[in-house]
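Notes follow once the structure below has been shown.
Whatever order the structure lists ligands and atoms in, that order sets their numbers, starting from 1.
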Amino acid sequence: MSLSSLSLDGEQLLSQIHTLGAIGADTTIGGRTRIALTDAEKAGRDQVVQWMHELQLEVRIDRIGNIFGILPAATEAGNQRPLMMGSHIDTVRNAGALDGCYGVLAGLAVARAYRAAGVLPQRAIVIGAFTNEEGVRYQPDMMGSLVYAGGLAADEALDTIGTDGTRLGDELARIGYAGDMAPGSLVPHEYIELHIEQGPVLEAEGQLIGVVENLQGISWQKVTVQGTANHAGTTPTRLRHDAGYVAAAIVAFLREQVVGAAPDTTLATTGSLRFEPDVINVIPRKAIFTVDLRDPDEGRLRAAEKRLADFLVGIAEREGVKINTERLVRFEPVVFDAGLADEIEASAKRFGFSHRRMTSGAGHDAQMIARIAPSAMIFVPSRGGISHNPREHTDDAQLIQGAQVLLDVVQRRLAAA
Ligand code: HGY
Ligand code: MN
Ligand code: MN
């Protein structure tokens, strides 16, 4: 079968990645920071909306601030169930320029290919930029796509209080993205998300395209240890109720006993940890930290959560502290649409791009949209497997190759429409 007839403007895609990557640039340690609903993220949103207008896309914003650019179909019937692409443009702190942004801008590149050819697709094409995929300021992550897929009520999401004490709905209104479209009202016929792998597999194996078949389960908790502040110099160890020691023991337990039980699949991360009163000569009275557990298998993920829960009971008793946990996120593993995965693989083959089927380690909006439409993902390599880091990098040629596969898959899916 021949390759798709439309052509991708790779240079424009790379240029837009660069331009968006400069918004929220961090001049101290590099990278950029566009945490959800901050002024920097608003600036990123405004830029993407402007590019959507330049492509004469209809721009719609839903109640949780998800942004949609719509390229209409050639016929009215084709507007009913659009083909959706997209990702997110919010970032973690000191992020790379590609995570999420690549998928949104590649979606615009697909729309641009249709515009450049002067043709309308058989089915409407929608490019989405979902709100708060990273979940750094407001949990859960993938929030905008979760609301869109009906997994979280919009009103509940709007009332979410962030780690900075702000209310999500107030911030959304403040940045001017409190839309009126009902989340989920544009029901996608199918959803394809192009994303960097953010891991080491494709580069290590010299593969160009990842055909993502599934995505691992995610469990986020906030753990609070309440001990007793006391003098660092006068308090014998046996009399201590040291929240700092307990937190450190839990983090060590996660690596040794939880990951240790399934070292090839279970992952555990404590990304945020703070002590109170947080001074050098006072035994911490309190430790507040996060636990991120992941595994592609639901049974192993549950076993990991249980191991941790049992350890918390024991150490609380031994050390005379109180331990509370708050669940922040719990998403089961997701299997993507086999037909779409086959289509992606066939496209990579046609281009002669090396490829392999794989699991996504990171969470993505596709895992939420998979609740309402057949969904799949395309990965491109990440240099050194680095992501959530200013050093995040994918070669220009690889970025263009991924977008070519996206365009090819979209055209084939629409030709079958
Ligand atoms: O946490 C994740 O995997 C995603 O980056 N939100
Ligand atoms: Mn992402
Ligand atoms: Mn991310």
Side-chain angles (χ1 to χ4, degrees), residues 17 20-21 24 31-37 41 44 48 66 85-107 127-149 151-152 160 163 191-199 210 212 214-222 266-272 290-296 301 327-334 358-370 375 377-382 385-394 399 402:
I17 289 172
L20 185 54
R32 69 284 303 144
T33 298
R34 289 197 307 271
I35 287 175
L37 312 189
E41 206 238 345
V48 168
N66 294 321
M85 292 170 275
S87 193
H88 61 96
I89 63 162
D90 67 304
T91 73
V92 295
R93 197 164 285 125
N94 304 119
L98 299 170
D99 178 0
C101 304
Y102 173 48
V104 174
L105 299 179
I127 298 102
F130 291 102
T131 293
N132 188 34
E133 190 276 347
E134 292 296 0
V136 166
R137 185 183 183 194
Y138 303 100
Q139 283 90 35
D141 58 345
M142 286 79 71
M143 184 190 273
S145 48
L146 178 65
V147 168
Y148 197 85
L152 175 65
T160 304
T163 51
Y191 177 79
I192 309 166
E193 181 165 350
L194 175 61
H195 205 287
I196 53 172
E197 177 199 341
Q198 301 181 286
V212 187
N214 63 325
L215 188 146
Q216 62 182 347
I218 303 175
S219 161
W220 281 5
Q221 296 177 63
K222 181 167 95 172
T266 301
L267 295 170
T269 309
T270 289
S272 167
T290 57
V291 174
D292 176 325
L293 293 171
R294 308 207 189 191
D295 195 294
L301 187 55
R327 176 168 300 298
L328 300 174
V329 162
R330 184 59 168 91
F331 297 131
E332 294 199 5
V334 167
M358 62 196 295
T359 296
S360 173
H364 295 289
D365 294 308
Q367 79 187 85
M368 301 308 170
I369 305 301
S375 302
M377 295 189 73
I378 307 166
F379 276 173
V380 293
S382 290
I386 299 279
S387 185
H388 284 188
N389 178 319
R391 289 174 38 227
E392 185 179 273
H393 175 86
T394 299
L399 291 171

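- At least one donor-acceptor pair under 3.5 Å links the side chain of Arg32 to the backbone N or O of Gly21.
- Side-chain contact of His88 with Asp365: a donor-acceptor pair under 3.5 Å is absent, judged by distance alone.
- The Mn ion (ligand 3) has His388 among its coordinating residues (N/O/S atom, backbone or side chain, under 2.8 Å).
- With the Mn ion (ligand 2) as the vertex, atom NE2 of His195 and atom NE2 of His88 span an angle of 110° (nearest 10 degrees).
- With hydrogens and angles disregarded, a donor-acceptor distance shorter than 3.5 Å links the side chain of Gln216 to the backbone of Gly361.
- The name of the N, O or S atom in Asp99 nearest to the Mn ion (ligand 2) is OD1.
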Could you pull out the N/O contacts under 3.5 angstrom between ligand 1 and the surrounding protein atoms?
from, atom 1, to, atom 2, distance (Å)
ligand 1, 1 (O), Asp141, OD2, 3.3
ligand 1, 1 (O), Arg294, NH2, 2.8
ligand 1, 3 (O), Arg294, NH1, 2.7
ligand 1, 3 (O), Arg294, NH2, 3.3
ligand 1, 3 (O), Gly363, N, 2.7
ligand 1, 5 (O), Glu134, OE1, 3.0
ligand 1, 6 (N), Glu133, O, 3.3
ligand 1, 6 (N), Glu133, OE1, 3.4
ligand 1, 6 (N), Glu133, OE2, 3.2
ligand 1, 6 (N), Glu134, OE1, 3.4
ligand 1, 6 (N), Asp141, OD2, 3.2

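- Under the 4.5 Å side-chain criterion, counting only non-hydrogen atoms from C-beta, Asp141 is not in contact with Asn132.
- Side chains of Ser87 and Glu193: a donor on one and an acceptor on the other come within 3.5 Å.
- Taking the N/O/S atoms of Glu134 in turn, the shortest distance to the Mn ion (ligand 3) belongs to OE2.
- Closest of all the heavy-atom pairs between Thr160 and Gln139 is CG2-O, 3.5 Å.
- Arg327 CZ: more than 12 foreign heavy atoms inside a 6.0 Å radius.
- The main-chain N or O of Gln198 is found under 3.5 Å from a side-chain atom of Ser382 such that the two form a donor-acceptor pair.
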